[in-house]
Amino acid sequence: MKKAYLFPGQGSQFVGMGKELYEQHALAKRLFDEANEILGFRITDIMFSGTDEDLKQTKVTQPAIFLHSVVHALCMGDEFQPDMVAGHSLGEFSALVANKVLSFQDGLRLVKTRAFAMQKACELRPSTMAAILNLEDAVVEQICADISASGQIVVAANYNCPGQLVISGTIEGVNEACEKLKAAGAKRALVLPVGGAFHSPLMEPARAELAEGIRTTTFSEPICPIYQNVTAQAVTDTNAIRENLIAQLTAPVRWTQTIQAMIADGATSFVEVGPGKVLQGLVKKINKDMEAVSA
């Protein structure tokens, strides 16, 4: 019987997130107040009572989701006993604080660096992402490779669950891929309302900037393995964790493979910590027999 804790990424945010934690736990209030100082703006105002538009900015969304997830995990106290952890994209930083590799403060500083670096990379070149439904991964990968070979950039970015693969790249590349993938039999090819091409080569300027921050941050021994997006395998070596975290920005999120590996290694229940229920839904689509609940 092994319990796996999962931490969500961008897209799970909502106005009011974290407010209940802030009002009910002295620890949560202290951590949120400290976060306002580290970030240099009152993120609590935006999280608790801002607008959807304010919350959608990458530089706000990422620290907001990280804060909600990490503060929730820390407020669980002794109840939080993970045998393994994983986080989807941004959620990997939350998972690394939860399993004691990163301190709360260092984790938040890295997320701040990541969010601002990604925002800058998005502004350098117009780019986007699209969800492709009900098509074999190999078909999606081949069509993306063919388009990329002709000069555009479009790659498989998020392997979310069987039949749901998100692609990422230039606007022209993604639009062309969507047309060709629909022609190849995709049920839907839906362009997503995101700021740019996350987990693609277009994030290289952000990866380089984040790498500097990661390499100068202290990484401690984990209390349990983390299954990282890049490898979809259990990792406990701090040097490997560091390098995988750097590679993550331009590499695909292998979420389907991550959940499958956790199950193969004995996970019997999954607990999602943070806003929303996206990851619970994905677990059920990957293996309908698994228990998946909110913390």
Side-chain angles (χ1 to χ4, degrees), residues 6-11 38-39 58-59 61-63 65-67 69-70 84-125 127 129 148 153 155-160 166-169 194-258 261:
L6 306 177
F7 296 84
Q10 214 158 327
I38 290 171
L39 293 170
T58 295
K59 65 184 181 184
T61 311
Q62 293 194 17
I65 291 168
F66 168 87
L67 282 170
S69 298
V70 168
M84 51 183 82
V85 296
H88 190 288
S89 189
L90 162 76
E92 197 161 277
F93 288 81
S94 310
L96 286 169
V97 174
N99 81 341
K100 311 291 191 210
V101 170
L102 293 172
S103 69
F104 169 78
Q105 294 80 4
D106 284 343
L108 181 57
R109 288 187 190 99
L110 287 179
V111 166
K112 177 185 178 182
T113 300
R114 182 183 193 265
F116 277 84
M118 288 173 77
Q119 187 111 20
K120 277 193 283 183
C122 292
E123 289 160 8
L124 280 176
R125 189 170 179 187
S127 54
M129 303 175 82
S148 294
I153 294 173
V155 296
N158 295 357
Y159 293 81
N160 283 334
V166 175
I167 61 172
S168 183
V194 294
F198 306 149
H199 302 288
S200 83
L202 292 167
M203 285 294 113
E204 178 54 34
R207 189 200 66 78
E209 192 172 331
L210 181 61
E212 192 178 333
I214 287 174
R215 292 206 169 104
T216 55
T217 297
T218 300
F219 278 56
S220 303
E221 291 298 315
I223 59 169
C224 69
I226 179 166
Y227 288 67
Q228 290 188 276
N229 294 175
V230 171
T231 63
Q233 297 296 321
V235 188
T236 55
D237 177 75
T238 52
N239 288 326
I241 289 171
R242 197 189 293 268
E243 293 309 311
N244 289 338
L245 200 58
I246 292 169
Q248 192 222 63
L249 268 191
T250 53
V253 174
R254 301 186 181 280
W255 193 251
T256 302
Q257 299 89 331
T258 294

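Nearest approach of I246 to A211, heavy atoms of both residues: CG2-CB, 3.7 Å. When all heavy atoms are compared, the tightest approach of A197 to M129 is CA-CG, 4.1 Å. For Q119 against K59, the heavy-atom pair with the smallest separation is OE1-N, 3.1 Å. Closest approach of T236 and P225 over heavy atoms only: CG2-CA, 3.8 Å. The minimum heavy-atom distance linking W255 with H88 is given by the pair CZ3-N, 3.6 Å. Closest of all the heavy-atom pairs between V97 and G107 is CG2-CA, 4.1 Å.
A donor-acceptor pair is defined here as one N or O able to donate and one able to accept, closer than 3.5 Å; no such pair exists between the side chain of N99 and the backbone of M84. A donor-acceptor distance shorter than 3.5 angstrom exists from the side chain of T256 to the backbone of Y159, with no hydrogens or angles considered. At least one donor-acceptor pair closer than 3.5 Å links the side chain of Q248 to the backbone N or O of S89. A donor-acceptor pair under 3.5 Å is formed between the side chain of T216 and the backbone N or O of E212. With S69 contributing its side chain and F66 its backbone, the two residues share no donor-acceptor pair below 3.5 Å. In this structure a side-chain-to-backbone donor-acceptor pair under 3.5 Å is present from Q228 to I241. A donor-acceptor distance shorter than 3.5 angstrom exists from the side chain of N244 to the backbone of A240, with no hydrogens or angles considered. Judged purely by atom type and a 3.5 angstrom limit, D237 uses its side chain to pair as donor or acceptor with the backbone of N239.
To the nearest 0.5 Å, atom CD of residue Q10 and atom OG1 of residue T61 are 5.0 Å apart. With values rounded to the nearest 0.5 angstrom, L210 atom CG is found 10.0 Å from R215 atom CZ. Between the CG atom in L6 and the OH atom in Y227 there is a gap of 11.5 Å [rounded to 0.5 Å]. The line from OG of S168 to CG of N158 is 8.0 Å long, rounded to the nearest 0.5 Å. Taking CZ from F219 and CG from D106, the interatomic distance works out to 8.5 Å, rounded to the nearest 0.5 Å. Atoms OG1 and CD1, from T231 and I226 in turn, are 9.0 Å apart once rounded to the nearest 0.5 Å.
Every residue meeting the side chain to side chain contact (heavy atoms under 4.5 Å, CB included) condition with E204, not counting sequence neighbours, appears here in chain and number order: R207, A208, T250. Applying the salt bridge (charged side-chain N to carboxylate O under 4.0 Å, His left out) rule to R254 yields no partners; only residues at least two apart in sequence or on another chain are considered. Taking K120 as the reference, E209 meet the salt bridge (charged side-chain N to carboxylate O under 4.0 Å, His left out) condition, with sequence neighbours excluded.
Looking at P252 and V155, their side chains never come closer than 4.5 Å, going by heavy atoms from C-beta outward. Here the side chains of Q62 and F93 are not in contact, with every heavy-atom distance at 4.5 Å or above. Side-chain contact between H199 and V166: absent, with no pair of heavy atoms (C-beta onward) separated by less than 4.5 Å.
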